[in-house]
**Student:** 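Please see the structure below; I have some questions.
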Amino acid sequence: MALSRRQFVGAAAGTAALAATGTATAQEEPDYGGWFDDVSNYDGTADKRGQDTVTITVGAQGNNGAFAFDPPAVMVSPGTEVVWEWNGEGGGHNVVSDGDGPLDSGSPVSEAGTTYSHTFESEGMFKYVCVPHETLGMKGAVVVRPGGSGDGGSGGQQQQGPPENPDYGGWFDDVSNYDGTTVDRTDADSVEISVGAQGNNGAFAFDPPAVRVTPGTEVTWTWTGEGGGHNVVSDGDGPLESGDPVSESGTTYSHTFEEMGVYKYVCTPHESLGMKGAVVVGGPLDGSGGGSGGESGQEGGGIELSGPQWLLSGSVLLAFFSPLLFAVAMRRRQNGRPPQTGDSGELRRATGPEPVEEAAETEPAVELGHDEYDPKGTAALVAFYFVLIGLLWVFMYFVEFLGRVSIIG
């Protein structure tokens, strides 16, 4: 998980806290050594740390059929129970460690509802396969690593993801029922999309065509029975594959989205007519107005500050302008001193002080006049503040390069 410049600045009350917070929240993607090169539904590691139990579907859609684990790669905390649950598709499957490992569910079975579980106590990486379908890419991995989930489940922070109005790159240019908005369903555990809705000069549309959900949401496509045979297939390399087109009303196809991103899909027979859709997974990026607004910082928007971010920015500005303010204040103090007059009411000449009565000897008060102002001292003060600002920025970039934390928002 990359840490943006906004998050880096906003997380700290001081420079030392900035470094500690940035390094602690970074999540490094495990190096699987090419293990998932032939696994079509692998798009990253699902971070489930902090959960007592994690479920993995056996026989999910992937690898040109129901030959996948979903999610294929998962990260859990030590002591987590991982449960593999069969969905009854793709024939007989099993769960067996690759090489010398703790996983062995036994002979392949195909019955829906079958479960196999294992509690991981030790840290490490545990790769496994479905023996009958290993050559097709039915492989998985469990990474056991301490720490909390990088998805912000316990920190109270807003879920981050694509911007409110993602750039679909012209994907919806020929989709008549797309009105430029992405329907927000981030408050729902499951979302339904109609297949064969009215649009594109017939019953050739998905409704809604673009929808936003949170990670872990199950999206179900339900056929209306209109417009002929339809299917749901990812555009390019993606997780969606409902199979051959069908036209029967009430047919359903579902997929649970675990990873944030934009997932485009089509109805293969009617793609040229504009029967296309997209599922956006993840809440809007910070700075987008809480759940509804603003442009993503990835699209060139300005950096927005709030709370501690303003405090740090204000401190830098104060350090920059304080020498100038000090010089102005000293000059105003000198010029604002009231003129001194003699007994006759005329201004006292600067060259000669007015005689006064002899008084008890005291320590003379020394005042600096305008002509006695110390330019070297002022220059040294200005130079000190510029050096301080420079050290601050050097420190921030050392955190980036040595701590491997991206602060380039």
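On a predicted model such as this, the values are computed, not experimentally measured, just so you know.
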**Student:** Closest approach of N231 and W223, non-hydrogen atoms and distance?
**Tutor:** CA-CZ2, 3.9 Å

**Student:** Once the angle between the rings of Y178 and Y168 is folded into 0 to 90°, is it parallel (under 30°), tilted (30 to 60°) or perpendicular (over 60°)?
**Tutor:** perpendicular

**Student:** In Å and rounded to the nearest 0.5 Å, what is the CD to OG1 distance from E192 to T222?
**Tutor:** 3.5 Å

**Student:** How about Y265 and W221: are their ring centres within less than 6.0 Å of each other?
**Tutor:** yes

**Student:** When rounded to the nearest 0.5 angstrom, what distance separates CZ in F204 from CE in M275?
**Tutor:** 8.5 Å

**Student:** Output yes when a side-chain donor or acceptor of E259 lies under 3.5 Å from a complementary backbone atom of A46, and no otherwise.
**Tutor:** yes

**Student:** Heavy atoms only: give me the nearest P108-G92 pair and the separation to one decimal.
**Tutor:** CB-C, 3.7 Å

**Student:** Run the side-chain contact (heavy atoms from CB on, under 4.5 Å) check on L103 and W84 step by step: do they pass?
**Tutor:** CA-CA 11 Å; L103 304 178; W84 285 264; 3.9 Å; yes

**Student:** Rounded to the nearest 0.5 Å, what's the gap from CD on E271 to CG on D235? Could you check?
**Tutor:** 6.5 Å

**Student:** E29 vs T45, test: side chain to side chain donor-acceptor pair (under 3.5 Å). Steps then yes/no.
**Tutor:** CA-CA 7 Å; E29 178 72 8; T45 303; 2.7 Å; yes

**Student:** With heavy-atom distances below 4.5 Å as the criterion, would you say the side chains of P215 and F257 are in contact?
**Tutor:** no

**Student:** Is the closest side-chain heavy-atom distance between K264 and K276 below 4.5 Å?
**Tutor:** no

**Student:** Heavy-atom count check: over 12 atoms from other residues, nucleotides or ligands less than 6.0 Å from D174 CG?
**Tutor:** yes

**Student:** Is any side-chain heavy atom of V279 closer than 4.5 Å to one of F206?
**Tutor:** no

**Student:** Evaluate the side-chain proximity of P166 to W171: yes if any heavy-atom separation is below 4.5 Å, no if none is.
**Tutor:** no

**Student:** Are the side chains of V211 and V280 in touch, meaning some heavy atoms are under 4.5 Å apart?
**Tutor:** no

**Student:** Using side-chain contact (heavy atoms from CB on, under 4.5 Å), reason through V39 and Y32 one step at a time and then give a plain yes or no.
**Tutor:** CA-CA 12 Å; V39 179; Y32 296 106; over 6 Å; no

**Student:** Heavy atoms only: give me the nearest H230-G196 pair and the separation to one decimal.
**Tutor:** NE2-CA, 3.7 Å

**Student:** Using a 3.5 Å distance criterion without hydrogens, assess whether the side chain of N177 forms a donor-acceptor pair with backbone atoms of G199.
**Tutor:** no

**Student:** Report yes or no: does D70 contribute a side-chain atom to a donor-acceptor pair with the main-chain N or O of A60 at less than 3.5 Å?
**Tutor:** no

**Student:** Kindly determine whether Y253 and H255 satisfy ring pair (Phe, Tyr, Trp, His ring centres under 6.0 Å), including the steps that lead there.
**Tutor:** CA-CA 7 Å; Y253 166 71; H255 177 80; 7.3 Å; no

**Student:** Evaluate the side-chain proximity of V213 to V219: yes if any heavy-atom separation is below 4.5 Å, no if none is.
**Tutor:** yes

**Student:** What's the verdict on side-chain contact (heavy atoms from CB on, under 4.5 Å) for N87 and V58, showing C-alpha distance, side-chain angles and the deciding distance?
**Tutor:** CA-CA 6 Å; N87 63 8; V58 180; over 6 Å; no

**Student:** How close do K48 and V74 get, counting heavy atoms only, and between which atoms?
**Tutor:** CG-CG2, 3.4 Å

**Student:** Find the distance between OG1 (T115) and CD (E85) and round it off to the nearest 0.5 Å.
**Tutor:** 7.0 Å

**Student:** To check you understand the geometry: which heavy-atom pair defines the closest contact between E218 and S254, and what is its length?
**Tutor:** OE2-OG, 3.4 Å

**Student:** If only side-chain N and O atoms count, and only distance matters, is there a donor-acceptor pair under 3.5 Å linking T80 with S77?
**Tutor:** no

**Student:** Short question: side chain of T181, backbone of V183 - any donor-acceptor pair under 3.5 Å?
**Tutor:** no

**Student:** Any chance you could measure R49, atom CZ, to M75, atom CE, to the nearest 0.5 Å?
**Tutor:** 5.0 Å

**Student:** List the atom of G238, the atom of S234, and the distance in Å for their closest heavy-atom pair.
**Tutor:** C-OG, 3.3 Å

**Student:** Determine whether Y128 and V95 make a side-chain contact, defined as any pair of heavy atoms from C-beta on separated by less than 4.5 Å.
**Tutor:** yes

**Student:** About how many Å separate CD1 of I56 and CD of E258, when rounded to the nearest 0.5 Å?
**Tutor:** 10.0 Å

**Student:** Run Y263 and V281 through side-chain contact (heavy atoms from CB on, under 4.5 Å) and show every step you take.
**Tutor:** CA-CA 8 Å; Y263 299 83; V281 183; 3.5 Å; yes

**Student:** Taking the side chain as every heavy atom from C-beta outward, state whether D184 and T182 have any pair of such atoms under 4.5 Å apart.
**Tutor:** no

